[in-house]
Amino acid sequence: MTRPTVFFSRRILCLLAATVAFAGTAWAAEPRMPGKAFRRGFDAITRQNAEASLRFLASDAMRGRLAGSQEGQITAQYIISELEQAGYAGQIAEQRFTGRKGEKLRNVLAILPGRDTTRRLVVGAHFDHEGTKNGAVFHGADDNASGTAVLLELARAAKAAGVRPAHTLVLAFWDGEERGLLGSRHYVSELGRDTASVICYINFDMVGRNTDENRPALFRYFYTESEPRFREWFDRSVAAGKLQHLEADYRPCDRTIGGSDNMSFARAGIPIVWYHTDGHPDYNKPTDTADRINYPKLLDIARSAWYLIWRMAY
């Protein structure tokens, strides 16, 4: 996660208004209510897989997953391997691009075509971190092995559901976020005028820690204020999944809240949701390690997001 900033302009509000009008049309028909297919996806989200992914990504061997490094390339290959094992062979795309200092970077995209391929839901998390400094490994367990692990669980959920979505679902693993949101910015730039096809962007960045140890379920739920259904659907996700480890601090906004890849989409007028467990003393330090992750909360964030994905894409 990059350091938080806030960007605001009248132009963005106009773009948001236009997108909201489009989104209202896209969701005019009520999505199918959760049933057996939803439950199959829900049950596919497991601690065993999530923790295994997170511990590997945050291990000493991965040396902080610096964008453009050998370990960064290994991370991308690991994600591709996990997606293939989940059943995405033939549905994985790579976007290769160059960083500001000539680094070779790539986004990894798992794509489930919808019955209507003119609209898409993009769900994303960045997989790069800070690498090593002065011989110390910056493990990046929370930032952002946690979001990467959640996104892999959601990929498994979408395959386990066993039904084709109504709208195309894109599960996007971004490279180069720590160097200025490079991966998500590249994706949005490549969309060009097709940004209007994106119903929403759901982001996971730092979703594994506690900002208040006296309230371990607390997290920040950012969403586009002009889309109140995003808050309603979160509340329904908690009830539908009987999620006991989530206490939302709602952060509605019609500004571009910065610090993560949601900014790239909001700047283009695309509604966003951002799950974020907020800062902690180990942020951007070598002590951001896998043993400090709140796994029950991380899993409930994945389960809540699966409900939102179901409502938006299915």
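Computed from a predicted model, the values in this text were never measured in an experiment.
Between Leu169 and Ala158, the closest heavy-atom pair is CD2-CB, 4.0 Å. The shortest non-hydrogen separation linking Ser184 to Asp261 is OG-OD1, 2.5 Å. Listed here is the closest heavy atom pair of Ala160 and Ala44: CB-CB, 3.6 Å.
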Would Ser264 and Arg185 satisfy side-chain hydrogen bond (donor to acceptor under 3.5 Å, both in side chains), going step by step from the backbone distance to the final call? CA-CA 5 Å; Ser264 301; Arg185 289 176 60 185; 5.5 Å; no
Kindly indicate, with the supporting measurements, whether the criterion side chain to side chain contact (heavy atoms under 4.5 Å, CB included) is fulfilled by Trp306 and Ser237. CA-CA 8 Å; Trp306 172 238; Ser237 76; over 6 Å; no
Do Ile309 and Ile202 pass the side chain to side chain contact (heavy atoms under 4.5 Å, CB included) test, and can you show the C-alpha distance, the side-chain angles, and the key distance before you say yes or no? CA-CA 9 Å; Ile309 290 169; Ile202 302 176; 4.2 Å; yes
List the steps, then state whether side chain to side chain contact (heavy atoms under 4.5 Å, CB included) holds for Cys200 with Leu121. CA-CA 6 Å; Cys200 178; Leu121 172 66; 3.8 Å; yes
Which is it for Val188 and Arg267 under the side chain to side chain contact (heavy atoms under 4.5 Å, CB included) test, yes or no, and what are the steps along the way? CA-CA 10 Å; Val188 172; Arg267 277 179 166 168; over 6 Å; no
Any chance you could lay out the side-chain hydrogen bond (donor to acceptor under 3.5 Å, both in side chains) test for Ser304 and Tyr275, step after step, and finish with the verdict? CA-CA 10 Å; Ser304 168; Tyr275 288 83; 2.8 Å; yes
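Gln244 CD: 12 or fewer foreign heavy atoms inside a 6.0 Å radius. In this structure, Lys104 places its NZ atom where only 12 or fewer heavy-atom neighbours from other residues, nucleotides or ligands lie under 6.0 Å away.
To the nearest 0.5 Å, the span separating CD on Glu213 from CG on Leu218 amounts to 11.0 Å. To the nearest 0.5 angstrom, Phe230 atom CZ is 7.5 Å from Tyr221 atom OH. Rounded to the nearest 0.5 angstrom, Ile79 CD1 and Leu57 CG are separated by 6.5 Å. The line from CG of Leu182 to OG1 of Thr98 is 10.5 Å long, rounded to the nearest 0.5 Å. In this structure, the separation between CG on Asp128 and OG on Ser69 is 9.0 Å, given to the nearest 0.5 Å.
Of the possible donor and acceptor atoms, one in the side chain of Arg106 sits under 3.5 Å from a partner among the backbone N and O of Gln73. Within the 3.5 Å criterion, the main-chain N or O of Tyr223 finds no donor-acceptor partner in the side chain of Arg231. The backbone N or O of Arg120 lies less than 3.5 Å from no partner atom in the side chain of Ser197, so there is not a single donor-acceptor pair. A donor-acceptor contact shorter than 3.5 Å is absent between the side chain of His126 and the backbone of Asp205.
Glu190 meets the side-chain hydrogen bond (donor to acceptor under 3.5 Å, both in side chains) test with no other residue; sequence neighbours excluded. Listed by chain and number, the residues in a side-chain hydrogen bond (donor to acceptor under 3.5 Å, both in side chains) with Arg156 are Glu82, Glu153 (sequence neighbours excluded).
With respect to the salt-bridge test (charged N to carboxylate O, under 4.0 angstrom), the residues Arg39 and Asp43 qualify.
A 4.5 Å side-chain heavy-atom check between Leu83 and Leu152 finds at least one atom pair inside the cut-off.
For Tyr88 and Phe173, the distance between ring centers is not under 6.0 angstrom.
Ring geometry for Tyr187 against Phe265 counts as tilted: the plane angle lies between 30° and 60°, on a 0 to 90° scale. Between Tyr283 and His280, the ring-plane angle classifies as perpendicular under the 30° and 60° cut-offs.
A donor atom on one side chain and an acceptor atom on the other are found under 3.5 Å apart for Tyr250 and Asp235. In the model, Tyr307 has no side-chain atom that pairs as donor or acceptor with a side-chain atom of Arg303 under 3.5 Å. Judged purely by distance below 3.5 Å, without hydrogens or angles, the side chains of Asn107 and His186 never pair a donor atom with an acceptor atom.
Partner Asn294 forms a side chain to side chain donor-acceptor pair (under 3.5 Å) with one of Asp142, Asn210, Thr277, Asp300 and no other, that one being Asn210.
Contacts classified as ring-ring contact (aromatic ring centres under 6.0 Å, His included) and involving residues 141-162 (residues at least two apart or in different chains) are not found.
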